[in-house]
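Heads up, the thing below is written out as structure tokens.
Just follow the structure's listing: the first ligand is 1, and inside any ligand the first atom is 1. Predicted model, so just to flag it, every value in this text is computed and none were measured.
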Amino acid sequence: MPERIDILQELGLTPVWRLRARYRSDATPIAPHSVNEAPLAAVPQTDVETRVMRIAMLDWAHFAADVSACTACGLARTRNKAVPGVGDQHAEWLFVGEAPGAEEDAKGEPFVGQAGRLLDSMLAALGMNRSKAVYIANVLKCRPPGNRSPTPLEVEACLPYLDRQIALIQPKLIVALGKSAATTMLRVETTIASLRGRVHRYKGVPLIVTYHPAYLLRNLPDKAKAWEDLCLARATLRGILQADILQTAGRGPT
Ligand code: URA
């Protein structure tokens, strides 16, 4: 189990306030969704920080239920089903989209609409499917009404869940699907064209940017570019796996 200070540093939440009742090891565990509780008097620790820490310690057994019970932003009032993610919990590949749409909201599973069918074809072209070596998630776990763009507050509220998924899965490679997912994770405001074709990093994991399948459905000629991106992703992953093997054999770079 990582130390609390390590988690806070990883989340960029240091310097740390001195702990009182809430996080003493002998304290009663806090209930989920303390974001809605009244703050404890004289405890210099925000409910936001408490929530982020709690999510950073979730295991798979509690993850989906926690997402489904989340009320940290207004999307909880309009969603039908939260959409935590789907796939192999030890996947090498993690695909990340923007947010669930109507069909995902009805089913509770990401990328099940028309865009999802194209994503499935892209995975099949790579010899994979959504339950083999692949995990699929979104930055937002709940549908924004009318498929509007996520607000910065919604993103900040939801990102700890994606970060926890990454920590649990430990993917070798992340593929950001579309500008929204890419610019959110890379914390840049730029075009997708300027992000494609090279390897970025998110939380230390190599990340490759490609077009969102919904965009590709409207811009069929760009499918060739998306295939180039996936080939770059595959080559990058092969290089990583090769390096891992050499490292394990004691012949890799130190
Ligand atoms: N678009 C996304 O970004 N995610 C989904 O799950 C569906 C459509």
Side-chain angles (χ1 to χ4, degrees), residues 63-64 66-68 70 73 75-76 78-89 91 93-124 126 128-132 134-166 169 171 173-192 195-196 200 202 207-220 222-223 225-226 229-230 233:
F63 185 84
D66 202 275
V67 173
S68 296
C70 177
C73 80
L75 298 182
T78 51
R79 72 171 174 232
N80 286 301
K81 287 190 178 165
V83 183
V86 71
D88 181 348
Q89 294 177 351
W93 297 74
L94 171 63
F95 287 80
V96 182
E98 177 184 62
E103 287 168 86
E104 291 77 19
D105 173 71
K107 199 165 175 201
E109 183 174 329
F111 284 98
V112 290
Q114 219 192 339
R117 285 189 285 282
L118 177 55
L119 178 59
D120 284 339
S121 308
M122 291 157 73
L123 295 179
L126 291 165
M128 305 188 298
N129 61 56
R130 57 175 64 209
S131 58
K132 186 179 143 203
V134 174
Y135 196 93
I136 304 171
N138 284 303
V139 172
L140 288 198
K141 309 304 188 206
C142 296
R143 182 192 182 208
N147 296 346
R148 65 160 169 72
S149 297
T151 67
L153 278 178
E154 289 160 358
V155 168
E156 287 316 309
C158 218
L159 214 43
Y161 283 124
L162 179 64
D163 291 348
R164 186 58 187 152
Q165 286 173 308
I166 292 169
I169 298 166
L173 187 80
I174 299 172
V175 179
L177 297 168
K179 177 178 167 173
S180 173
T183 57
T184 297
M185 284 192 278
L186 298 175
R187 301 248 178 218
V188 289
E189 194 40 69
T190 185
T191 61
I192 193 157
L195 295 173
R196 289 182 53 244
H200 307 267
Y202 181 70
L207 180 150
I208 285 175
V209 175
T210 192
Y211 294 105
H212 193 285
Y215 166 87
L216 293 174
L217 288 170
R218 302 188 303 270
N219 299 273
L220 295 179
D222 279 342
K223 273 187 179 179
K225 292 188 193 163
D229 299 333
L230 293 180

_Test of understanding: given a 4.0 Å heavy-atom threshold, classify the contact between Ala99 and ligand 1 as side chain, backbone, both, or neither._
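Within the 4.0 Å criterion, Ala99 contacts ligand 1 through backbone atoms alone.
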*Side chain or backbone of Glu104 under 4.0 Å from ligand 1, or both, or neither, by non-hydrogen atoms?*
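Within the 4.0 Å criterion, Glu104 contacts ligand 1 through side-chain atoms alone.
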*Do the rings of Phe111 and His212 sit parallel, tilted or perpendicular, given the 30° and 60° boundaries?*
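Rings of Phe111 and His212: tilted, 30 to 60°.
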*Any atoms of ligand 1 less than 4.0 Å from a non-hydrogen atom of Pro110? List them with their elements.*
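Those of ligand 1 that fall under 4.0 Å from Pro110 are 6 (O).
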*Which atoms of ligand 1 have any heavy atom of Gly97 under 4.0 Å away?*
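Answer for ligand 1: 3 (O).
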*Closest non-hydrogen protein atom to atom 4 (N) of ligand 1, residue and atom name please, with distance?*
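It is Asn138 OD1, 2.8 Å.
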*From the options Leu177, Leu123, Val96, select the one residue that forms a side-chain contact (heavy atoms from CB on, under 4.5 Å) with Ile136.*
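The side-chain contact (heavy atoms from CB on, under 4.5 Å) with Ile136 is passed solely by Leu123 among Leu177, Leu123, Val96.
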*Do Lys179 and Glu189 pass the side chain to side chain contact (heavy atoms under 4.5 Å, CB included) test, and can you show the C-alpha distance, the side-chain angles, and the key distance before you say yes or no?*
CA-CA 9 Å; Lys179 177 178 167 173; Glu189 194 40 69; 3.5 Å; yes
_contact_flag His212 ligand 1 heavy-atom lt 4.0 Å_ =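 Heavy atoms of His212 do come under 4.0 Å of ligand 1.
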*Check whether any heavy atom of Ala115 sits under 4.0 Å from an atom of ligand 1.*
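Contact check Ala115 vs ligand 1: negative.
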_Check this for me - ligand 1, Phe111, N or O atoms closer than 3.5 angstrom, yes or no?_
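Yes; at least one N/O pair falls below 3.5 Å.
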*asked:* Test side chain to side chain contact (heavy atoms under 4.5 Å, CB included) on Asp229 and Met122; report intermediate values, then the result.
replied: CA-CA 11 Å; Asp229 299 333; Met122 291 157 73; over 6 Å; no
*Does atom CZ of Arg187 have more than 12 heavy-atom neighbours, drawn from other residues, nucleotides or ligands, at distances under 6.0 Å?*
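Count not over threshold, so no.
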